[in-house]
Amino acid sequence: MPTVNNSSETIRRVAALPLPHSAKVSQQTPVGLIVPPSVFVVPRGWEWTHTAPFEGPSILAALIRGLGYPFRLFDQRDVFDAELLRGSTLDYDIIGISVWGDSFAYVRQAVAILKEERPNRPVILGGPLATAIPQLLLETTQADFVVAGEGELTLTELLDHLTSNEFARPCEAILGLSWRDNNGAIHTNPPRPQITDLDIIPFQDFSVWDRFRGQEIPELYLSYSRGCACNCTFCFRAFPKLNYKSVERVKQEIDYYSATGFRMAWWNDLTFVTDRNYVHRLMNSIFEHHQFRWTAFSRVTGLDEETLRLMQSKGLDIVLYGMESVSKAVLEGYHKGIAKSAMVDTIQLHRQCGVKIGGLFIIGAPNDNHESMAELVDFCNEFQEVTRVKYLSALPGTEFYRQCLSNGLIADEIKHLEWLSLEQSVEEDIEQPGFVKFTPHLTKEELRGIYRDINFRIEVRPYDYSNGGNIYLAAAEKFITRKPGGNV
Ligand code: B12
Ligand code: SF4
């Protein structure tokens with residue numbers, strides 16, 4: 001029996017898993033993983049962000065198959081009605097569900113259906129929203145387990161437990177797990193430390209995504225790191241601490257993924273340039289045998305001309321920056337640690353190098369007022385590189401969310417989760433039931449007017465990423481609405 005709370009054996013087993021194409025079934029218990037739909041609206045040209053293989057589920061698929069379990073991924077991203085799950089998962093003895101910020105309403109209904117169909121079958125929730133509110137999810141859904149943070153090690157140990165295999169340990173001994181005991185009492189174990197050596201993580205398994213079976217996968221999600229060194233009040237990170245893969249490992253992954261024929265990659269790293277030397281080594285290594293266009297997120301601090309030009313020479317298409325606001329007071333309120341001058345410098349740098357840039361802004365902070373909004377509108381007039389504006393949203397697990405609970409702005413957590421399930425990140429969100437206006441200085445009508453004003457001024461260009469085969473490039477419209485009951 002392994003030592004209680006000791007993960008080293010689990011780390012060793014995960015590190016030794018086969019590559020996805022050599023995984024073999026050696027266990028009896030079939031495991032299913034459900035990927036829920038999302039109403040999040042993406043700009044035209046980026047529709048593929050809803051259909052490309054999501055990185056988290058692709059890694060978990062590799063993990064579960066690598067451990068020898070028969071596995072099926074239930075990709076429900078275009079199936080908004082949870083009722084349609086009925087009957088489809090019956091052959092699977094353990095079901096996992098990924099839970100993102102806007103998944104609550106769907107997941108609650110999906111779990112109810114799964115439990116109605118097979119009451120004793122374990123249902124496991126994981127993902128960012130599950131990480132933020134494990135206890136609340138166990139209280140409000142009929143799920144049995146919630147895995148917080150990175151799924152690889154905790155899920156391995158939970159599957160050991162559920163299948164009573166040679167590595168099985170009791171629930172109490174699984175770090176990062178919340179669970180319901182036989183009497184219905186909910187327990188939350190101590191958190192699991194993040195994986196520091198990211199080279200142990202399985203490569204993504206794309207073979208489980210039905211829509212790509214036997215076909216090329218034009219766009220992929222990739223990452224070389226997890227976490228972010230900053231701690232902005234509105235931002236939720238399921239893995240807060242910053243850890244890296246080795247450059248060699250990233251290179252091996254890309255070599256392996258090249259079999260998909262991908263031509264575009266979205267780097268999931270929260271901040272692409274945190275270690276300049278690392279980025280230079282990465283650029284000079286991974287593109288040795290490959291060419292693909294790519295997009296990344298970064299902060300307006302830390303990027304210099306030489307690095308940007310190097311990234312450009314290796315296929316960089318656009319860098320998206322979380323700029324959030326141009327008001328000093330609002331940026332300080334967010335603990336953002338950046339100033340408007342850094343945004344202007346970054347835009348100028350991009351113009352100088354001829355690299356596309358996207359600036360993401362949030363309106364409606366508690367201290368946003370007519371003045372800060374006028375400053376933002378002026379900024380957008382001058383710098384049309386601003387790509388997207390959103391109303392501020394309170395995500396569970398953030399410092400901002402905790403403040404809203406304590407000051408009563410969020411009075412009912414469940415209603416708030418239901419609202420988050422409807423949030424599309426479009427102007428009309430303000431009319432949805434449950435929308436919370438955080439600033440007392442502007443009316444709803446004023447806030448909506450500012451949203452429209454900004455959206456009208458900012459440009460379409462950054463949305464047109466350079467994939468010649470993308471059918472949306474010809475269209476002039478900026479957004480395409482994604483609605484429950486319909487596809488993109
Ligand atoms: C790419 C991306 C997108 C893509 C694809 C989303 C996806 N689901 O993969 C698109 C553009 C569609 C998107 C949309 C949105 N996103 Co987004 N997105 C990201 C981003 C940059 C990368 C996601 C990723 O692949 N991470 C890496 C993988 C390895 O991590 P992972 O998916 O979380 O999976 C791990 C664990 O969570 C866990 N896990 C996941 N599923 C399961 C299931 C089980 C059973 C278990 C046991 C474990 C488990 O194990 C995995 C391996 O360790 C993250 C930031 C980040 N770097 O994580 C934001 C992030 C996830 N997005 C966020 C948000 C808020 C959204 C939106 C709600 C839009 C919005 N209003 O801002 C929508 C929600 C859409 C949705 N349902 O996914 C927040 C999440 C906050 C939250 N509480 O959910 C993040 C963290 C960004 C941030 N800091 O604000 N997003
Ligand atoms: S908003 Fe950006 S910089 Fe701030 S914590 Fe989130 S990922 Fe890091």
Side-chain angles (χ1 to χ4, degrees), residues 31-42 46-60 62-64 77 94-104 106-107 123-133 143 145-156 158-159 176-177 194-195 198 201-202 204 221-223 225-240 242 266-271 274 296-301 320-324 334-338 360 362 388 390-391 393 395-398 401 417 420-421 423-425 429 482:
V31 179
L33 179 65
I34 297 174
V35 179
S38 162
V39 292
F40 179 57
V41 169
V42 291
W46 292 66
E47 290 79 6
W48 58 270
T49 56
H50 274 296
T51 52
F54 283 175
E55 188 187 359
S58 300
I59 294 174
L60 295 180
L63 176 94
I64 299 167
R77 291 178 301 175
I94 299 175
I95 296 285
I97 313 183
S98 292
V99 193
W100 286 288
D102 58 358
S103 310
F104 175 75
Y106 176 91
V107 169
V123 174
I124 309 164
L125 308 182
L129 189 67
T131 302
I133 47 164
F145 302 97
V146 175
V147 168
E150 292 163 302
E152 291 85 354
L153 303 179
T154 312
L155 185 60
T156 301
L158 181 55
L159 293 176
L177 184 70
Q194 273 177 241
I195 303 170
L198 291 184
I201 292 170
Q204 297 185 62
Y221 287 105
L222 300 174
S223 68
S225 66
R226 285 182 177 176
C228 172
C230 303
N231 193 11
C232 305
T233 56
F234 59 87
C235 172
F236 182 73
R237 290 149 301 129
F239 347 109
L242 184 58
W266 161 313
W267 290 93
N268 276 333
D269 307 77
L270 285 168
T271 311
T274 42
F297 293 104
S298 216
R299 276 171 64 79
V300 290
T301 50
L320 296 167
Y321 294 92
M323 295 184 179
E324 331 303 357
Y334 287 152
H335 296 175
K336 186 74 194 177
I338 57 171
L360 312 172
I362 303 174
R388 186 155 201 183
K390 288 168 62 172
Y391 302 113
S393 190
L395 283 171
T398 61
Y401 184 77
L417 291 170
L420 288 175
S421 309
E423 186 188 15
Q424 301 190 50
S425 297
D429 281 346
R482 191 175 166 84

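Worth saying up front: this structure is predicted, and the values here are computed from it rather than measured. As the structure lists them, so they are numbered: ligands from 1, and atoms in each ligand from 1.
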**Request:** Decide yes or no on side chain to side chain contact (heavy atoms under 4.5 Å, CB included) for Ser425 and Val41, but give the supporting numbers first.
**Result:** CA-CA 6 Å; Ser425 297; Val41 169; 5.8 Å; no

**Asked** Does the shortest distance from atom 4 (Fe) of ligand 2 to an N/O/S atom of His335 fall below 2.8 Å?
**Response** no

**Request:** Show the numbers, then the answer: is there a side chain to side chain contact (heavy atoms under 4.5 Å, CB included) between Leu420 and Phe104?
**Result:** CA-CA 8 Å; Leu420 288 175; Phe104 175 75; over 6 Å; no

**Item:** Heavy-atom check, side chain of Asp429 versus side chain of Gln424, under 4.5 Å
**Value:** yes

**Prompt:** Do Ile133 and Leu417 come close enough that some side-chain heavy atom pair is under 4.5 Å?
**Reply:** yes

**Complete:** Value for OH (Tyr391) from CD (Glu423), rounded to nearest 0.5 Å, stands at 10.5 Å

**Message:** Students should be able to answer this: which protein heavy-atom is nearest to atom 4 (Fe) of ligand 2, and at what distance?
**Reply:** Cys232 SG, 2.3 Å

**Atoms of ligand 1, numbered as shown, that sit under 4.0 Å from any heavy atom of Ser425** = 71 (N)

**Asked** In the protein, which heavy atom is nearest to atom 54 (C) of ligand 1, and how far is it?
**Response** Leu270 CD2, 4.9 Å

**Prompt:** Hey, which atoms in ligand 2 end up nearer than 4.0 Å to a heavy atom of Leu270?
**Reply:** 7 (S)

**Prompt:** Is there a protein heavy atom at a distance of less than 4.0 Å from atom 44 (C) of ligand 1?
**Reply:** yes

**Closest protein heavy atom (residue, atom, distance) for atom 65 (C) of ligand 1** = Leu395 CD1, 3.8 Å

**Item:** For atom 52 (C) of ligand 1, the option (of Arg388, Glu152, Glu150) bearing the nearest heavy atom
**Value:** Glu152

**Prompt:** Quick check: does any side chain N or O of Arg237 sit under 3.5 Å from a backbone N or O of Cys230, one acting as donor and the other as acceptor?
**Reply:** yes

**Asked** Heavy atom under 4.0 Å from ligand 1: found in Leu60's side chain, backbone, both, or neither?
**Response** side chain

**Asked** How far is atom 84 (O) of ligand 1 from its nearest protein heavy atom, and which residue and atom is that?
**Response** Gly101 N, 2.7 Å

**Prompt:** So which heavy atom in the protein is nearest atom 12 (C) of ligand 1, and how far is it from that ligand atom?
**Reply:** Thr49 O, 3.7 Å

**Request:** Return the minimal non-hydrogen interatomic distance between Cys228 and Thr271, and the atom names on each side.
**Result:** SG-OG1, 3.7 Å

**Asked** Considering only protein heavy atoms, which is closest to atom 1 (S) of ligand 2, and at what distance to one decimal place?
**Response** Lys336 NZ, 3.4 Å

**Message:** At less than 4.0 angstrom from any non-hydrogen atom of Val147, what atoms of ligand 1 do you find?
**Reply:** 47 (C)

**Prompt:** Below 3.5 angstrom, do we get any N/O pair linking Cys235 and ligand 1?
**Reply:** no

**Request:** Please write down residue, atom name and distance for the protein heavy atom closest to atom 3 (S) of ligand 2.
**Result:** Arg299 NH1, 3.3 Å

**Message:** Quick check against the 3.5 Å criterion: does Arg299 have a side-chain atom that pairs as donor or acceptor with the backbone of Lys336?
**Reply:** yes

**Complete:** Closest to atom 20 (C) of ligand 1 among protein heavy atoms sits Asn268 OD1, 4.0 Å

**Prompt:** Which atom pair, heavy atoms only, marks the closest approach of Arg77 to Ala52?
**Reply:** NH1-O, 2.7 Å

**Item:** Nearest-contact summary for atom 70 (C) of ligand 1 - protein heavy atom, Å
**Value:** Lys390 NZ, 3.2 Å

**Message:** Quiz question for you: does at least one protein heavy atom lie closer than 4.0 Å to atom 91 (N) of ligand 1?
**Reply:** no

**Between CG on residue Leu63 and OG1 on residue Thr156, distance to nearest 0.5 Å** = 4.0 Å

**Message:** A side-chain contact here means heavy atoms from C-beta on lying under 4.5 Å apart; do Phe236 and Thr131 qualify?
**Reply:** yes

**Request:** Considering only protein heavy atoms, determine whether one is less than 4.0 Å from atom 75 (C) of ligand 1.
**Result:** yes

**Fill in**
Residue, atom and distance of the protein heavy atom nearest atom 37 (O) of ligand 1 read Gly127 CA, 3.2 Å

**Fill in**
for atom 6 (Fe) of ligand 2, nearest protein heavy atom and its distance come out as Cys235 SG, 2.4 Å

**Message:** For Trp46, state whether at least one heavy atom is located under 4.0 Å from any atom of ligand 1.
**Reply:** no

**Request:** Please report the closest heavy-atom contact between Trp267 and Phe297, naming both atoms and the distance.
**Result:** O-CD1, 3.9 Å

**Asked** Of the protein's non-hydrogen atoms, which lies at the shortest distance from atom 77 (N) of ligand 1, and what is that distance?
**Response** Asp102 OD1, 2.8 Å

**Per-atom contacts, ligand 1 versus Glu55 - under 4.0 Å to a heavy atom** = 25 (O), 27 (C)

**Prompt:** Tell me, which protein residue and heavy-atom name are nearest atom 8 (Fe) of ligand 2, and how many Å apart are they?
**Reply:** Cys228 SG, 2.3 Å

**Request:** Applying side chain to side chain contact (heavy atoms under 4.5 Å, CB included), run through Ile97 and Leu33 and close with a yes or a no.
**Result:** CA-CA 6 Å; Ile97 313 183; Leu33 179 65; 5.9 Å; no

**Request:** State, to 0.1 Å, how close Asp102 and Val39 come at their nearest heavy-atom pair, and which atoms those are.
**Result:** OD2-N, 3.8 Å

**Prompt:** Nearest non-hydrogen atom to atom 87 (C) of ligand 1 belongs to which of Phe40, Phe236, Trp48?
**Reply:** Phe236

**Request:** May I ask you to check whether Trp266 and Asn268 show a side-chain donor-acceptor distance below 3.5 Å?
**Result:** yes

**Asked** Are side-chain heavy atoms of Val147 and Leu125 found at a separation under 4.5 Å?
**Response** no

**Close approach of Ala238 to ligand 1, heavy atoms, under 4.0 angstrom** = no

**Prompt:** How about atom 67 (C) of ligand 1: does it have a protein heavy atom within less than 4.0 Å?
**Reply:** no

**Request:** With side chain to side chain contact (heavy atoms under 4.5 Å, CB included) as the test, would you mind laying out the steps for Ile362 and Tyr334 before giving the verdict?
**Result:** CA-CA 11 Å; Ile362 303 174; Tyr334 287 152; 3.7 Å; yes

**Which of the ligand 1 atoms, numbered from 1, are nearer than 4.0 Å to a heavy atom of Arg226** = 29 (C), 52 (C), 53 (O)

**Message:** Using a 4.0 Å cut-off to any heavy atom of Ile124, which atoms of ligand 1 qualify?
**Reply:** 45 (C)

**Item:** Nearest-option assignment for atom 33 (O) of ligand 1, heavy atoms, candidates Phe104, Tyr221, Phe239, Phe234
**Value:** Phe239

**Asked** Counting backbone and side-chain atoms alike, does Cys230 have an N/O/S atom under 2.8 Å from atom 6 (Fe) of ligand 2?
**Response** no

**Asked** Which ligand 1 atoms does Gly149 reach within 4.0 Å, using its non-hydrogen atoms?
**Response** 36 (C), 38 (C)

**For Ser421 against Ser103, the heavy-atom pair lying closest together** = OG-C, 4.4 Å

**Request:** Below 4.0 angstrom from a heavy atom of Arg237, which ligand 2 atoms are there? Numbered from 1 as shown, please.
**Result:** 5 (S)

**Asked** Quick one: does Arg226's side chain have a donor or acceptor within less than 3.5 Å of a partner on Glu150's backbone?
**Response** no

**Fill in**
In short, Tyr221 meets Gln204 closest at the heavy-atom pair O-NE2, 2.7 Å

**Asked** Do protein heavy atoms approach atom 41 (N) of ligand 1 to less than 4.0 Å?
**Response** yes

**Shortest heavy-atom approach to atom 32 (O) of ligand 1 - which of Ser58, Gly56, Pro36, Ala132** = Gly56

**Asked** Which option out of Gly322, Pro37, Gly126, Ser103 puts a heavy atom nearest to atom 46 (C) of ligand 1?
**Response** Gly126

